[in-house]
Amino acid sequence: MRFKNRPVSMLIAALAATPAVAWEHDFTRGLDLYSTTDNGATIRLVCDPNRVYGGTESMVLIVLGGNSDLTTMATLAFPDGQTITAPLVHGRLAKRDLAENVWHPILEGLRNTQRVELTVGDTTRTLNLGDAPAFTCI
């Protein structure tokens, strides 16, 4: 199929070449769920702002190459030089298992940057996160 309208053709080509990087948001069972996928990796953020589950169930979930059951060390390196390394347990970096000086920098990095270098075990991927919504995690 060929478009005869040149401006429309140019717009379609430009949109097709633009990466569709964005955080998706859902609200389920009292939890805010945020998710972004890029370069074969997914970062999901689960927030419990109304303390429906006690306020400690907030977590970052990481899926790498389709594997969500990862138990190893994970490092998130942000463009500002902030680097956080923490134990990933079954794909989770859970607030209840992390010290405040680990949990809060992860949240701030995801809130305030559009890119993160994620290392899980010996695999490293750079994810373009796009503009972050106002995450409700605390």
Side-chain angles (χ1 to χ4, degrees):
M1 179 170 159
R2 184 168 179 198
F3 290 103
K4 293 182 180 182
N5 187 336
R6 184 163 167 77
V8 171
S9 298
M10 290 173 54
L11 178 62
I12 290 171
L15 291 175
T18 304
V21 176
W23 286 91
E24 295 177 10
H25 175 255
D26 193 16
F27 185 77
T28 303
R29 297 181 145 190
L31 297 172
D32 279 310
L33 310 171
Y34 306 92
S35 181
T36 188
T37 299
D38 188 39
N39 199 16
T42 298
I43 295 177
R44 293 187 178 113
L45 185 57
V46 178
C47 301
D48 183 12
N50 298 317
R51 304 180 60 84
V52 173
Y53 298 95
T56 60
E57 292 305 310
S58 294
M59 66 186 70
V60 174
L61 304 172
I62 295 174
V63 179
L64 189 59
N67 186 359
S68 62
D69 191 22
L70 303 161
T71 300
T72 187
M73 294 304 287
T75 300
L76 291 92
F78 297 100
D80 66 359
Q82 177 84 345
T83 300
I84 301 103
T85 300
L88 188 64
V89 180
H90 298 293
R92 294 181 204 89
L93 297 171
K95 177 181 179 179
R96 70 172 174 243
D97 299 332
L98 300 174
E100 290 292 315
N101 66 343
V102 175
W103 176 249
H104 284 291
I106 291 172
L107 287 181
E108 290 308 306
L110 294 174
R111 279 183 178 124
N112 297 314
T113 63
Q114 293 191 358
R115 186 172 49 86
V116 64
E117 184 178 89
L118 173 66
T119 302
V120 176
D122 59 358
T123 302
T124 300
R125 303 277 171 85
T126 299
L127 286 80
N128 293 305
L129 304 173
D131 294 326
F135 299 133
T136 58
C137 286
I138 52 174

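FYI, side chains are in, hydrogens and waters are out, and symmetry mates aren't considered; it's all heavy atoms of this structure. If you read the sequence from its start, that first residue is 1, and numbering goes on from there.
Considering all non-hydrogen atoms of both residues, Gly109 and Phe78 come closest at C-CE2, 3.4 Å. In terms of heavy-atom proximity, Thr126 sits nearest to Asp38 at O-OD2, 3.9 Å. The two atoms that bring Cys47 and Ser58 nearest to each other are CA-OG, 3.6 Å, heavy atoms only. Listed here is the closest heavy atom pair of Leu110 and Ala132: O-CB, 3.5 Å.
Two different hydrophobic clusters hold Leu70 and Val46 under the rule that ILVMFWY side chains link at heavy-atom gaps under 4.5 Å. At a threshold of 4.5 Å between side-chain heavy atoms, the hydrophobic network of Ile, Leu, Val, Met, Phe, Trp and Tyr places Leu76 and Val102 in one connected group. Cluster membership for Val52 and Leu61, using ILVMFWY side-chain heavy atoms within less than 4.5 angstrom, is shared. Grouping the Ile, Leu, Val, Met, Phe, Trp and Tyr side chains by contacts below 4.5 angstrom, directly or via other members, places Leu98 with Leu107. With hydrophobic clusters built from ILVMFWY side chains whose heavy atoms lie under 4.5 angstrom apart, Met59 does not share a cluster with Ile84.
The CG atom of Leu64 lies 8.5 Å from the CG atom of Leu127; values are rounded to the nearest 0.5 Å. Rounding to the nearest 0.5 Å places CG of Leu118 at 9.5 Å from CG of Leu129. In this structure, CZ on Arg111 lies 12.0 Å from CD1 on Ile106, to the nearest 0.5 angstrom. Within the model, atoms CD of Gln82 and OG1 of Thr113 stand 10.0 Å from one another, a figure rounded to the nearest 0.5 Å.
Side-chain atoms of Trp103 and Asp97, non-hydrogen and from C-beta on, never get closer than 4.5 Å to each other. The side-chain heavy atoms of Leu45 and Cys137, taken from C-beta on, include a pair separated by under 4.5 Å.
Residue Arg125 qualifies as enclosed at atom CZ: its count of foreign heavy atoms under 6.0 Å is above 12. Annotation: Asp122, atom CG; neighbour count of heavy atoms from other residues, nucleotides and ligands within 6.0 Å does not exceed 12.
Panel note: side chain Asn128, backbone Arg115; no donor-acceptor pair is recorded below 3.5 Å.
When each of Thr124, Thr83, Thr72 is tested with Thr119 by the rule side chain to side chain donor-acceptor pair (under 3.5 Å), just one qualifies, namely Thr124.
Listed by first and then second residue, the side chain to side chain donor-acceptor pair (under 3.5 Å) pairs that reach into residues 40-52 are Thr37-Thr42, sequence neighbours excluded.
Of the N and O atoms on the side chains of Asp131 and Gln114, at least one donor lies less than 3.5 Å from an acceptor on the other residue.
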Would you be so kind as to tabulate the donor-acceptor pairs closer than 3.5 Å made by side chains of residues 85-96, with sequence neighbours excluded?
unit_1: Thr85; atom_1: OG1; unit_2: Thr75; atom_2: OG1; d: 2.9
unit_1: His90; atom_1: ND1; unit_2: Asp69; atom_2: OD1; d: 2.6
unit_1: Lys95; atom_1: NZ; unit_2: Ile138; atom_2: O; d: 3.0
unit_1: Arg96; atom_1: NH1; unit_2: Glu57; atom_2: OE1; d: 2.8
unit_1: Arg96; atom_1: NH1; unit_2: Glu57; atom_2: OE2; d: 2.7

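In this structure Phe135 satisfies the ring pair (Phe, Tyr, Trp, His ring centres under 6.0 Å) test together with Trp23, Tyr34, sequence neighbours excluded.
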